[in-house]
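The structure under discussion appears below in the form of structure tokens.
No experiment lies behind these values; they were computed from the predicted model shown. In this chain, numbering begins with 1 at the start of the sequence shown.
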Amino acid sequence: MQYDVIVIGSGPGGYICAIRCAQLGLKTAIIEKYKTLGGTCLNVGCIPSKALLDSSEHYHNAAHSFAEHGIKLENLQVDLAQMIARKSEVVSQVCKGVEFLMKKNKIDVYQGKGSFVDKNTVKVTKDSGEIEMVTSKNIVIATGSKPSSLPGITIDKQRIITSTEALQMKEVPKHLIVIGAGVIGAELGSVYARIGAKVSFVEYASAMIPTMDSTMGKELQRSMKKLGADFYLSHKVKTVENTGDEVVVTAENPKGETVTFTGDYCLMSVGRRPFTDGLALENAGLTTDARGKIEVDEHTLQTKVSNIYAIGDVIRGAMLAHKAEEEGVFVAETIVGQKPHINYSLIPGVVYTWPEVASVGSTEEELKAKGVPYKSGSFPFKALGRARASMDIDGTVKVLAHKETDEILGAHIIGPRAADMIAEAVVAMEYRASAEDISRMSHAHPTYTEAFKEACLAATGNRALNA
Ligand SMILES: NC(=O)c1ccc[n+]([C@@H]2O[C@H](COP(=O)([O-])OP(=O)(O)OC[C@H]3O[C@@H](n4cnc5c(N)ncnc54)[C@H](O)[C@@H]3O)[C@@H](O)[C@H]2O)c1
């Protein structure tokens, strides 16, 4: 079969790319090695983790805040099997949704492992061993990423696990040692801390979520401590060993001493690596860089072989589903000769803990390092009537604006519904709004979004109206 575009990989980058190609009139196929479409995000990433985050948050609220709301409960229990079953049902529904979208857009789906034969031909090897050849004018590599480990540490998937196994646990860990207090560590660590596990974070950097504005990491750590989590920051993990019923982790503490942690499970959340195994890139004249990424042209996302494009986790930039989606649309439109644009500096980052953390634009540390003159305005959620009403008073909004022009340069939110609130900051910054612009726009009362308006007001140097 001859196509205009073949997309390899059906995660959010790949399936969105295929849909946009089809919408633009291109004869499109998508190849997926797993039985279900949707890639990491839908099957073992964003969606199942959010399902468990929501379930565990409901339990946590039932255990800790329902009484204050005037709701009495007796014999409250965690039914982990049901939590996991509901998560699986959610996953199944969203995957079926992608299947439906493929049919609706007349995209041919090939189930099997794709590998290059040459720059226009992909061999699809089905689980049964059956082989099919597909050819296309253009090919888009959207094969995503896999969890990475540390040198010398083998993930056995039994006690030394990744996010994938942490989404299908058969028991609540007694003591979960989380290596790496980044996004995955924070999210899955909070799931199990809420439902009764002792959670210890062992993190190499001096703060959790170290790539975000430092205020966010400090606030998140404070809220995770309320869940009973322990933090061992500036600790470099050296070894992890499964001893049968236990897992033993050794790390070097800031004094250079070796410290040991013992738990029943260890979650490795030290980052992800691009996934290109088995693609036979060399047959198409492609290679990967030292970090395993496929190099692309900054302006077109073409690889060095001009009819082959790459998007999402397999190329440079943030490993985020919504970044991959933007790139999927970008490539489809580029193929038909349009001139699309992605503003990489305004891709928001979110951590789905509770309170949630969401960020866009520059951090305070980045502005300092670049010598950009800035001013900062903050507003705590505890001063909002809406937050008082829902008992979600932890967190703050921090807005960074240019000292002279007042243009918003960064917005950093930790608090209730921060993940949704950040959209306002993205729109404001895309239109290059000043902090004063936002502070003069009406925000519905009572809403959490008032905190963003108030932080903008504070950044302008005006006095907050509600604090
Ligand atoms: N909500 C979301 O958007 C979301 C959710 C899950 C994953 N992701 C993405 O998936 C990718 C992987 O997530 P992640 O949490 O694994 O990576 P991450 O990069 O967010 O965090 C990894 C952490 O591991 C630490 N680390 C590295 N080596 C260490 C060592 N030897 N000892 C102790 N700590 C060490 C790092 O300092 C870092 O804090 C990220 O790019 C992330 O953005 C995003």
Side-chain angles (χ1 to χ4, degrees), residues 40-41 44-46 48-53 56-57 60 145-150 153 155 157 159-169 172-214 216-240 247 249-251 253 259 261-273 313 318-321 349-359 414 418-419:
T40 296
C41 171
V44 288
C46 322
S49 63
K50 262 80 272 176
L52 289 186
L53 278 154
S56 60
E57 180 64 11
H60 180 76
S145 60
K146 284 264 176 235
S148 49
S149 187
L150 295 170
I153 298 175
I155 292 165
K157 301 188 180 184
R159 299 215 167 266
I160 307 168
I161 62 175
T162 70
S163 50
T164 304
E165 293 73 50
L167 293 168
Q168 49 209 22
M169 299 291 282
V172 177
K174 291 180 199 66
H175 183 195
L176 176 66
I177 303 168
V178 177
I179 302 183
V183 187
I184 293 180
E187 291 183 358
L188 289 172
S190 70
V191 164
Y192 288 103
R194 286 167 188 163
I195 59 175
K198 169 82 200 152
V199 176
S200 299
F201 288 97
V202 189
E203 164 60 50
Y204 180 65
S206 58
M208 68 180 311
I209 48 169
T211 53
M212 289 181 117
D213 188 280
S214 65
M216 301 296 107
K218 279 183 208 135
E219 288 280 333
L220 183 60
Q221 190 179 342
R222 194 174 305 151
S223 93
M224 302 274 307
K225 275 188 175 165
K226 287 191 195 167
L227 291 175
D230 282 339
F231 286 87
Y232 300 90
L233 302 175
S234 305
H235 277 62
K236 187 175 182 185
V237 169
K238 296 283 192 188
T239 62
V240 181
V247 59
V249 175
T250 64
N253 74 11
V259 284
F261 305 90
T262 306
D264 49 350
Y265 291 93
C266 166
L267 171 66
M268 290 296 289
S269 45
V270 292
R272 296 178 62 90
R273 62 176 176 84
D313 288 8
M319 288 185 166
L320 296 172
V350 175
V351 188
Y352 292 86
T353 45
W354 196 266
E356 292 173 336
V357 188
S359 219
I414 174 164

Check: Counting only N and O atoms by type, is there a donor-acceptor contact under 3.5 Å from the side chain of S149 to the main-chain atoms of I153?
Finding: yes
Item checked: K146 side, atom NZ; T40 side, atom OG1 - distance, nearest 0.5 Å -> 6.0 Å
Item checked: Euclidean distance, M268 CE relative to L150 CG, rounded to 0.5 Å -> 4.0 Å
Check: Which heavy-atom pair separates A166 from L188 by the least distance, and what is that distance?
Finding: CB-CD1, 3.9 Å
Note to self: Show the nearest heavy-atom pair for residues S223 and P355, with the distance to one decimal.
What the structure shows: OG-CD, 3.5 Å
Next item on the list: May I ask you to test the K198-D230 pair for a side-chain heavy-atom distance under 4.5 Å?
Entry: yes
Check: Any donor-acceptor pair under 3.5 Å linking the side chain of R272 with the backbone of S148?
Finding: no
Next item on the list: Identify the two heavy atoms, one from V178 and one from G185, that lie closest to each other, and give their separation to 0.1 Å.
Entry: CG1-CA, 3.6 Å
Next item on the list: Kindly compute the distance separating OG (S214) from NZ (K218), expressed to the nearest 0.5 Å.
Entry: 4.0 Å
Check: Within a radius of less than 6.0 Å around NZ of K236, do more than 12 heavy atoms belonging to other residues, nucleotides or ligands occur?
Finding: no
Check: Looking at R273 and D313, does any basic side-chain N land under 4.0 Å from a carboxylate oxygen?
Finding: no
Check: Rounded to the nearest 0.5 Å, how far does CD1 of I160 lie from CD1 of I155?
Finding: 8.5 Å
Notebook entry, point to check: In Å and rounded to the nearest 0.5 Å, what is the CE to CG distance from M169 to L52?
Noted result: 11.0 Å
Next item on the list: For N253 and H235, indicate whether the former's side chain and the latter's backbone hold a donor-acceptor pair under 3.5 Å.
Entry: no
Note to self: Could you measure the distance from the NZ atom of K174 to the OG1 atom of T262? Nearest 0.5 Å is fine.
What the structure shows: 13.5 Å
Margin query: Heavy-atom count check: over 12 atoms from other residues, nucleotides or ligands less than 6.0 Å from F231 CZ?
Written below: yes
Item checked: Heavy-atom side-chain contact between T250 and V259 under 4.5 Å -> no
Item checked: Pair L220-M212, side-chain contact (heavy atoms from CB on, under 4.5 Å): steps then yes or no -> CA-CA 11 Å; L220 183 60; M212 289 181 117; over 6 Å; no
Notebook entry, point to check: So which of V191, V183, I184 actually passes side chain to side chain contact (heavy atoms under 4.5 Å, CB included) with E187?
Noted result: V183
Note to self: Taking the six-membered ring for Trp, are Y265 and Y192 closer than 6.0 Å centroid to centroid?
What the structure shows: no
Next item on the list: Of all the heavy-atom pairs spanning R194 and L53, show the shortest one and how long it is.
Entry: NH1-O, 2.9 Å
Notebook entry, point to check: So, D264 side chain and P173 main chain: donor-acceptor pair closer than 3.5 Å or not?
Noted result: no
Note to self: Can a donor-acceptor pair be found, under 3.5 Å and without considering hydrogens, that links the side chain of S206 to the backbone of S234?
What the structure shows: no
Item checked: Distance-minimising heavy-atom pair for C266 and I179 -> SG-CD1, 3.4 Å
Margin query: Less than 3.5 Å apart, any donor N or O on the side chain of S190 or T353 sitting next to an acceptor on the other?
Written below: no
Next item on the list: Please confirm whether the backbone N or O of A419 pairs with a side-chain atom of E356, one donor and one acceptor, at under 3.5 Å?
Entry: yes
Check: Are the side chain of H60 and the backbone of I195 linked by a donor-acceptor contact shorter than 3.5 Å?
Finding: no
Note to self: For a quick test of reading the model, state the closest non-hydrogen atom pair linking M208 to L233 and the distance between them.
What the structure shows: N-CD2, 4.2 Å
Checklist line | Test item: S200 side-chain N/O and I177 main-chain N/O as donor-acceptor pair under 3.5 Å | finding: no
Note to self: Looking at K157, is its backbone amide N or carbonyl O close enough to the side chain of E165 to form a donor-acceptor pair, meaning the two atoms are under 3.5 Å apart?
What the structure shows: no
Margin query: Between V237 and Y204, is there a side-chain heavy-atom distance shorter than 4.5 Å?
Written below: no
Next item on the list: Look at the side chain of R159 and the backbone N and O of V247, then say whether any donor-acceptor pair between them is shorter than 3.5 Å.
Entry: no
